[in-house]
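Each remark here refers to the structure printed beneath this line.
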Amino acid sequence: MKRFGVKFIALLLSLMMVMTIPSCSILSKLLSDDGGSGRSSRNRDDDDDDDDDDDDDDDTDETSGSKDPDKKPSNPSGDKDLEPLTFPDHVATTDEIHPSRTPGTLTGTAASDLLNEVEHDLVIHYVTSYVDIQLSYEHPENYGLQTDEVTWGSLDFDPDEESAFITEQLNKLYTINRDSLDHDDRIFYDKAVWDLEESKYSCQYTAFSYFESELTPLTGPQCDIMFILDLLKFDDVEDAENYLLLLNDIDRYYDGLCEYEEDKAAYGFALGDDIYEQVAESFDNLVAMEDDCFLYGSFEERLNDIQGLSSSQKQDLISRHEAMMHDVVFPEFEECAERMRGLIGSGGNGEGIYQYEGSADYYSLICRSQANCGKTVEQLTTELESVISSVMRTYNGIINGGSTSWYAGYLSHDYSQGDVIANLNFLKTKVAADFPALHEHSYHTMDVPEVFEDDFSPAAFLGYHLDNYDSNVIIVNNGGSGDDFGVTVAHEGYPGHMFQSVYTRSATEHPYMYLFDSIGYNEGWAVYCETYAMKYFETNNTVRTLVQIEDELNVLLMARCDIGIHYEGWDLDDCASYFSTTLGRSIQASSLNDMYILLVADPCYAVKYGSGFVNTGLIIQAAHDNFPDATDLQIHTAYLNALTGTFEQIQENMFRELEG
């Protein structure tokens, strides 16, 4: 049976591209209601057109989880002959998954050698497909990485085999005396043990493999496949031939993805019809590129890098490439759209995973992964609500303070220096005083094709060839950039994703720490950086605070609704009620529909941004409180030197450095 494993050692390609969260902020609309005519150029949100309309939705108890308590699949069994699934019978605690144990006895060189052996085994085990290997390293042979088949990877997953491998690696790690390790080894040890124990637990329940979809509208593999193909280099003819084999394998691979979605629906875990239509439309957008796809030109340009390639050889490769695109690639995308539309009417109610047996345990599991910490969902919820309340007190204090001198500045503010290059150059200079020096590196930029603009994030960072500091890409959606574009560039570039990626690669001898870093760590840092970087664009403290609040509420409210939908059973009306209560304005459910569909389709999508940001901020604030004489430069340096473990691990290592 084909099915996907829930891997908490993060799947490489899913983390290689990190994006700016699509905005659903409505603060500018509220400011318009409070202070005068709205600012027409503030168009970052497509969800708030009707936010100021009257809406008499009944209030609901946001934390009661008052939906049908009988958890069950939405369309059990279907017509397929499927293996029975296993479900958890309770919500596992962190102590159950990460039990205390007697320290190992292995120390010194033997411990370090065993640690390196485990790391090598993990990289070889998880970086397996041709695409993973080629994107991970410019020289994969230096890391013992090779593949016998040029494919996008296998879709088969055997939880018993996976659990056995993980147990073997854990048993090796448990023999090591963790406290005897040096700084870099200890950080890797802690993260590897945490990740493996989470993964081992997830392998117990086969139902977990079907709770989430692979082909989501915004983050599915179809959303970045063209960008990934564009990054594959041609050093020789074999590389070009392998590229053609990879194009041919799209048929097999995407057939498998569709089959998985069909099995998922047959098991009773169907998505809502609106989500299937959006996924189908994402494939429609790919099909629309057939006659004008940037890969045609990109392929020819990369052929120019092959020394000694004759004109006839080049023309043959070009002809075969065009035939493969027309005969295999685009027809497969068209087939995927048809198969996704074929799932419409499968019985999914489009209300998240709350309805499923075992969903509370599963959501707790992925929250630990996406929020990058050992906190319970209840603790994450309390923290989110506390920060939201604090932010709203600050906002209301400004709005109700009697002075409106800030209003004109808010309406006219422009946090951008021009295009992406201008903003990167500006920010690279500005951050030098507050953030550590970076290893020498370079980057290039790409524009999102126009056909993708409506469905792509405002921007994204993509790091590849992690043994080469020059392999960094910032992808810009010209259809989604606005007057705060400089802040978006701060999120993706300096001091956000690109800065952190380059720094981490230079700060550790363990590639595991950047191959399998946490998305919650990545996005928490980037959201923190985008709000921090506003000081480089704005000298008026009140205006800057309001724009920061707008950004923060965007990720915080979405994260709270994410938890509400999947852990407490909120529907769209519940989300609107929560927004209305929190913001003190009547928010129509229709204005949040796009946000709701996004969150339902991708459980924990917003948690990695919202709780990641909260955890990052709490740690950095704790550092300021405990080390009041430390500068921002010292605190940011200590944070980054703590590397990409859980936030609990980061705080321990960060404080150790600050203590000197």
Side-chain angles (χ1 to χ4, degrees), residues 4 22 24 46-47 57 60 65-80 207-223 257-285 336-360 362-363 366 454-455 558-559 561-579 588-607:
F4 292 79
C24 70
D46 294 329
D47 300 333
D57 291 338
T60 60
S66 58
K67 307 306 172 192
D68 184 357
D70 296 325
K71 305 295 186 68
K72 57 183 182 298
S74 57
N75 179 31
S77 79
D79 296 326
K80 286 199 170 190
F208 284 176
S209 296
Y210 292 97
F211 277 16
E212 293 186 68
S213 287
E214 291 294 318
L215 295 174
T216 55
L218 184 65
T219 59
Q222 78 279 9
C223 299
L257 290 170
C258 290
E259 182 182 343
Y260 164 78
E261 297 295 343
E262 290 159 355
D263 285 352
K264 171 179 161 64
Y267 268 120
F269 304 122
L271 298 173
D273 291 352
D274 287 347
I275 298 173
Y276 286 132
E277 176 58 30
Q278 287 193 5
V279 176
E281 289 173 358
S282 71
F283 282 106
D284 291 342
N285 290 337
C336 289
E338 293 173 358
R339 292 177 73 169
M340 289 303 98
R341 289 192 172 96
L343 290 173
I344 293 174
S346 296
N349 57 21
E351 291 187 356
I353 67 172
Y354 173 83
Q355 62 192 302
Y356 305 141
E357 177 186 353
S359 65
Y362 179 76
Y363 193 75
I366 61 173
D454 289 344
D455 300 311
M558 284 185 73
C561 287
D562 192 320
I563 293 172
I565 291 165
H566 296 291
Y567 196 71
E568 301 167 62
W570 290 10
D571 59 19
L572 178 58
D573 288 336
D574 294 326
C575 292
S577 177
Y578 174 73
F579 264 74
Q588 288 211 10
S590 60
S591 66
L592 301 178
N593 189 61
D594 288 347
M595 178 203 76
Y596 182 76
I597 292 175
L598 170 64
L599 297 182
V600 167
D602 199 348
C604 263
Y605 172 83
V607 167

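- Below 30°, between 30° and 60°, or above 60°: for Y260 and Y210 the angle between ring planes is below 30°, a parallel geometry.
- When every heavy atom of L592 is checked against every heavy atom of A576, the shortest pair comes out as CD1-CA, 3.7 Å.
- Among L598, V279, D602, the single residue meeting the side-chain contact (heavy atoms from CB on, under 4.5 Å) criterion with L218 is L598.
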Could you check T216 against T219 for side-chain hydrogen bond (donor to acceptor under 3.5 Å, both in side chains), going step by step and ending with a plain yes or no?
-> CA-CA 6 Å; T216 55; T219 59; 2.7 Å; yes
Y596 and D571: side-chain contact (heavy atoms from CB on, under 4.5 Å), yes or no, with the steps?
-> CA-CA 8 Å; Y596 182 76; D571 59 19; 4.1 Å; yes
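- The side-chain heavy atoms of M340 and D284, taken from C-beta on, include no pair separated by under 4.5 Å.
- A donor atom on one side chain and an acceptor atom on the other are not found under 3.5 Å apart for E261 and Y276.
- With F208 as reference, Y362 is the one residue of Y362, Y356, F269 to meet the ring pair (Phe, Tyr, Trp, His ring centres under 6.0 Å) rule.
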Pair I366-F211, side-chain contact (heavy atoms from CB on, under 4.5 Å): steps then yes or no = CA-CA 11 Å; I366 61 173; F211 277 16; over 6 Å; no
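- To the nearest 0.5 Å, atom CD of residue Q588 and atom CG of residue N593 are 12.0 Å apart.
- In this structure, the side chains of Q222 and E214 stay at 4.5 Å or more apart for every pair of heavy atoms.
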After noting the C-alpha distance and the side-chain angles of W570 and S577, does the key distance pass the side-chain contact (heavy atoms from CB on, under 4.5 Å) rule?
-> CA-CA 10 Å; W570 290 10; S577 177; over 6 Å; no
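- Closest approach of M595 to C575, counting heavy atoms only: CE-CB, 4.4 Å.
- Listed here is the closest heavy atom pair of S346 and D273: N-OD1, 4.4 Å.
- Inter-residue side-chain proximity for K264 and E212 is flagged as unmet; no heavy-atom pair is nearer than 4.5 Å.
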Can Y363 and D562 be said to form a side-chain hydrogen bond (donor to acceptor under 3.5 Å, both in side chains), step by step?
-> CA-CA 10 Å; Y363 193 75; D562 192 320; 2.7 Å; yes
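- Scanning both residues, G569 and D574, for their nearest heavy atoms gives O-OD2, 3.9 Å.
- Shown here for L271 and S213, the closest heavy-atom pair between the two residues is CD1-OG, 3.0 Å.
- Minimum interatomic distance between C258 and C336 (heavy atoms only, all atoms of both residues): SG-SG, 3.6 Å.
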Would C604 and H566 satisfy side-chain contact (heavy atoms from CB on, under 4.5 Å), going step by step from the backbone distance to the final call?
-> CA-CA 8 Å; C604 263; H566 296 291; over 6 Å; no
